[in-house]
Amino acid sequence: MDLKKELNKEQYLAATHVEGPLLILAGAGSGKTRVITYRIAHLIRNCGVSPYNILAITFTNKAAREMAERASFLLGEENLYGIWINTFHAACGKILRRYADRIGFNSNFIIYDETEVQVVLKECLRRLNIDEKYLDPKAVRKYISKAKDEMISWKDFTKSHDTYNNHLFRMVSEVYKMYQETLLANNAMDFDDMILMTIKLFKENPDVLDYYQEKFKFIMVDEYQDTNMAQYEFVRLLASKYKNLCVVGDDDQSIYGFRGADIRNILEFENEYHDCKVIKLEQNYRSTQNILDAANRIIKNNTERRHKRLWTEQGHGEPITRYEAEDQNDEALYIVSAIQDGVRKGMKYSDFTILYRINALSQTIEKALTRFGIPYRVYGGLKFFDRKEIKDIVCYLRVLDNPLDDVALRRIINVPKRGIGEVSYNNAYDIALREDTNVLNVFLNAGNYPELSRTASKLSSFALKIMDIMMKKDTMAISEYVKYVIYESGMIEELKRENTDEAESRIENLMEFISVANEYESEVLESPDAENLNNLTSFLQNIALSTDMDKQEEVDADTVTLMTIHNSKGLEFPVVFVIAMEEGTFPSMRAEMPEEVEEERRLCYVAITRAKKKLYLTHSRLRLLYGRTNYRVPSRFLRELELKAEKEEDRSEKSTTFRTGAVRKGAFGRVVNSVGDVKALNQQTGKVDTKDFKVGDRVKHKKFGNGTIVKMEGSGDKTVVEIQFDSTGMKRLMLAYAKLSHI
DNA sequence: CGACTGGCCGAGTTA
DNA sequence: CGGCCAGTCG
């Protein structure tokens with residue numbers, strides 16, 4: 001391992017910085033992970049630091065796994081034994097598991113996902129007699145989430161808002177309080193709590209904090225720009241003693257503001273740690289100069305950032321292609337043709353990736369890829385762990401691990417169908433609250449309660465069944481037990497009886513879940529991390545913190561990849577298509593404030609910098625989305641990139657495959673409909689002024705300047721036009737009064 | 001109790 | 001256009 005030879009000057013300086021705070025501003029593709037892993041190797045091999053004293057934190061399991069793999073490639077796995085390379089949540093989970101009792105939890109606490117959080121919130125609203133129509137559970141969730149990101153407890157929430165005079169805040173704070181009490185009673189936490197509870201643990205137990213400060217003498221945090229206040233505080237507490245804190249990040253790639261990431265954490269790192277060293281990594285090893293130029297050009301439109309300029313020693317490479325499609329089908333066909341073209345020239349399907357701002361956009365592309373027999377894989381759409389049958393089996397395991405887990409119990413109570421419903425459950429739940437016991441216990445003794453008499457025998461036999469399966473818990477390995485539960489629960493039998501394709505695929509998924517358990521077992525056995533446990537509790541926690549992105553993919557799969565831009569962060573691909581570069585989608589219409597638009601721009605920057613060799617940006621004049629076809633205005637980002645649209649080039653030369661009548665008809669079918677609608681509308685009105693304008697027209701307004709008509713509603717004098725103005729954005733105007741003129 | 005249906009509303013990114 | 005929920009009927 002020759003650091004000088006294998007790293008550039010800045011990378012070398014960063015990797016060999018040992019003591020004191022260090023901020024690495026790592027541009028996209030600048031070898032960030034390389035620096036971190038070399039730094040780990042340097043600490044251990046050249047500085048005599050024990051792996052036991054190192055904590056490396058990432059945001060995703062995938063990043064953690066990659067870092068661990070690369071570090072063990074440098075050092076050998078045996079020399080990493082005891083190191084913590086984990087996500088924030090996994091690291092906190094491990095700490096909490098050990099000291100759960102100090103903060104009133106049991107060590108087999110469970111982590112609720114968003115769906116379960118919703119269930120609990122609805123339950124709270126019900127118990128507080130608040131109508132869901134009056135206070136939307138989703139809105140409450142937003143308030144609570146935001147509060148937690150900022151480390152505001154329900155007590156603080158009550159103090160920080162005027163809950164005496166503001167009815168809304170009073171209600172939210174009551175729900176927040178009951179929500180936390182319910183979580184505690186169920187021995188459960190949500191994602192945010194894992195960080196918050198760890199902070200609480202540290203603050204209330206100096207001995208514990210001191211232990212971990214001593215243990216983690218060297219701390220590294222990846223993707224630091226994505227940290228929220230709570231994560232910042234967690235790191236600050238741990239690092240405050242030795243201050244050997246190395247954070248790596250790129251303010252230009254901060255795209256998680258919506259989940260509380262605070263870009264100030266990285267921008268103000270130097271103020272917090274004033275003796276810190278700052279190193280910028282600007283040399284890019286991923287992309288061509290053309291791609292980097294585009295990235296630099298777009299990001300310089302942001303004001304809240306540290307100056308950085310990516311460069312490469314590679315050549316300029318291929319120019320960036322902007323394609324303006326007629327409609328979404330045309331866009332899809334363009335992409336299909338480019339892929340077919342590339343494959344014909346010897347490229348692999350896996351060289352191509354299609355990125356989009358919103359999941360809904362994958363639909364059309366998927367259809368086109370399917371029609372032309374191009375293999376593809378979608379990341380993030382319907383998630384494995386979100387599938388009904390997977391959630392069911394997970395809930396079974398949760399109840400078996402922790403009989404107090406009422407939320408899980410509620411879910412499996414009627415899986416498979418056994419004639420127990422909402423009413424029985426709610427009755428039992430109320431009894432359990434009244435008698436200060438748990439629901440399963442009430443089930444067991446259902447015969448004693450008159451309000452449960454109707455279903456008493458079903459309830460108690462279900463409870464007995466659960467107890468029965470629970471007895472076997474510690475007698476077999478995880479995967480074996482998972483299999484046992486799947487069959488013993490009766491889920492398989494029920495699905496087999498259904499005898500449909502869908503049931504068939506559900507069974508397959510359950511079998512796949514057994515392999516997940518298998519995989520977990522072998523991972524635990526091989527792990528250099530000494531504190532992993534081979535038990536149900538830790539398996540469940542592992543599952544709770546898993547996403548589809550983490551599932552090990554067959555490496556040889558030669559498929560096109562589809563994913564959201566958010567999911568693509570940290571990855572790279574030879575050829576990238578960024579689709580639907582249109583106002584309202586990208587940037588999102590929800591980004592109204594300047595800082596929100598800046599985040600969208602950073603998202604665009606992330607998308608562009610994923611490409612290694614070739615970048616395509618596509619947009620469409622018309623798009624069918626959410627059931628309606630609308631005229632679309634090219635994204636302002638395209639203007640900022642100063643790219644000229646590729647004209648309807650002679651694609652027939654490129655590919656003859658898709659110039660088929662059927663496809664063309666499909667492409668035009670929807671367009672004709674939409675234009676037809678506008679025409680019909682114009683004919684109805686009979687008014688000259690309405691007829692003069694139609695969707696897609698370029699118009700001039702006295703005050704707002706030039707723009708494009710995007711939508712027209714109503715008729716005659718009441719016609720309302722929506723116009724996307726070039727400089728002032730979207731406006732709704734009454735056509736009769738707008739005094740528009742054609743350009 | 002639960003399956004089915006019609007209507008309504010929403011439609012963004014995620015560990 | 002699709003998912004979810006409430007209401008109805010078996």
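Model, not experiment: these values are computed from the prediction.
Glu116(A) has no carboxylate O lying under 4.0 Å from a charged side-chain N of Arg411(A), or vice versa, which leaves the two without a salt bridge. Between Glu582(A) and Arg623(A) there is a salt bridge, since at least one side-chain N of the basic residue sits less than 4.0 Å from a carboxylate O of the acidic one. Asp251(A) and Arg305(A) are not joined by a salt bridge, as no carboxylate oxygen comes within less than 4.0 angstrom of a charged side-chain nitrogen.
Side-chain polar atoms of Asn108(A) and Asn187(A) form a donor-acceptor pair below 3.5 angstrom. For the residue pair Gln231(A) and Glu233(A), no side-chain donor N or O sits within less than 3.5 Å of a side-chain acceptor on the partner.
Close to dC1(B), at under 4.0 Å from its OP1 or OP2, lies no side-chain N or O of Lys417(A). In this model, the phosphate group of dA15(B) is not approached by any side-chain N or O of Asn61(A) to a distance below 4.0 Å at OP1 or OP2. At the phosphate of dT14(B), OP1 or OP2 sits under 4.0 Å from a side-chain N or O atom of Asn567(A). Side-chain N/O atoms of Arg590(A) include one lying less than 4.0 angstrom from OP1 or OP2 on dA11(B). Contact check, Asn359(A) against dT13(B): a side-chain N or O comes under 4.0 Å of OP1 or OP2. Taking side-chain N and O atoms only, Thr455(A) has no distance below 4.0 Å to OP1 or OP2 of dC1(B).
For the pair Leu55(A)/Ile57(A), a side-chain contact is recorded, criterion being any heavy-atom separation below 4.5 Å from C-beta on. Counting only heavy atoms from C-beta outward, the side chains of Glu223(A) and Val248(A) never approach each other to under 4.5 Å. The closest side-chain heavy-atom distance from Ile110(A) to Asn186(A) is not below 4.5 Å.
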Dump the intermediate steps for ring-ring contact (aromatic ring centres under 6.0 Å, His included) on Tyr256(A) and His566(A), then the final yes or no. CA-CA 8 Å; Tyr256(A) 285 112; His566(A) 282 89; 5.4 Å; yes

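Contacts between residues 193-200 of chain A and DNA chain B, defined by a heavy-atom separation under 4.0 Å, are absent.
Regarding Arg259(A), its CZ atom lies at a distance of 5 Å from the C1' atom of dA15(B), rounded to whole Å. Between Asn427(A) atom CG and dC1(B) atom C1' the separation is 13 Å, expressed in whole Å. The distance between atom CG of Asp226(A) and atom C1' of dA15(B), rounded to the nearest whole Å, is 11 Å. Atom pair Glu223(A):CD and dT14(B):C1' shows a separation of 14 Å (rounding to whole Å applied). Atom CD1 of Ile420(A) is separated from atom P of dG2(B) by 8 Å (rounded to the nearest Å). In this structure, Tyr356(A) atom OH and dA11(B) atom P are separated by 19 Å, rounded to whole Å. Atom pair Gln328(A):CD and dC1(C):P shows a separation of 12 Å (rounding to whole Å applied). Per the geometry, CZ belonging to Arg418(A) stands 11 Å off P belonging to dG2(B), to the nearest Å.
As judged by a 4.0 angstrom heavy-atom cut-off over every strand, Gln118(A) is placed among residues making no nucleic acid contact. Within the 4.0 angstrom heavy-atom criterion, no nucleotide atom of any strand lies near Leu625(A). Backbone-only contact: Phe59(A) has heavy atoms under 4.0 Å from sugar-phosphate atoms and none from a base. Residue contacts for Ser424(A): at a heavy-atom cut-off of 4.0 Å it reaches the sugar-phosphate backbone alone, with no base atom in range.
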Pull out every protein N or O sitting under 3.5 Å from an N or O of nucleotides 5-9 of chain C, one pair per line with the distance.
{"residue": "dC5(C)", "atom": "OP1", "partner": "Lys122(A)", "partner atom": "NZ", "Å": "3.1"}

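Comparing Arg141(A) and Ile358(A), the nucleotide of DNA chain B nearest to each residue sits closer to the 5' end for Ile358(A). Nearest-nucleotide mapping onto DNA chain B: of Lys458(A) and His89(A), the residue sitting toward the 5' end is Lys458(A).
Under the 3.5 Å distance criterion, the side-chain polar atoms of Asn265(A) are matched with a main-chain donor or acceptor of Thr227(A).
Of the residues Arg259(A), Lys148(A), Arg141(A), the one that meets the salt bridge (Lys or Arg N to Asp or Glu O under 4.0 Å) test with Asp192(A) is Arg141(A).
Remark: ring of Tyr626(A) does not overlap the six-membered base ring of dC1(C) in a stacked fashion, as centroids less than 5.5 Å apart with planes less than 30° apart are not both met.
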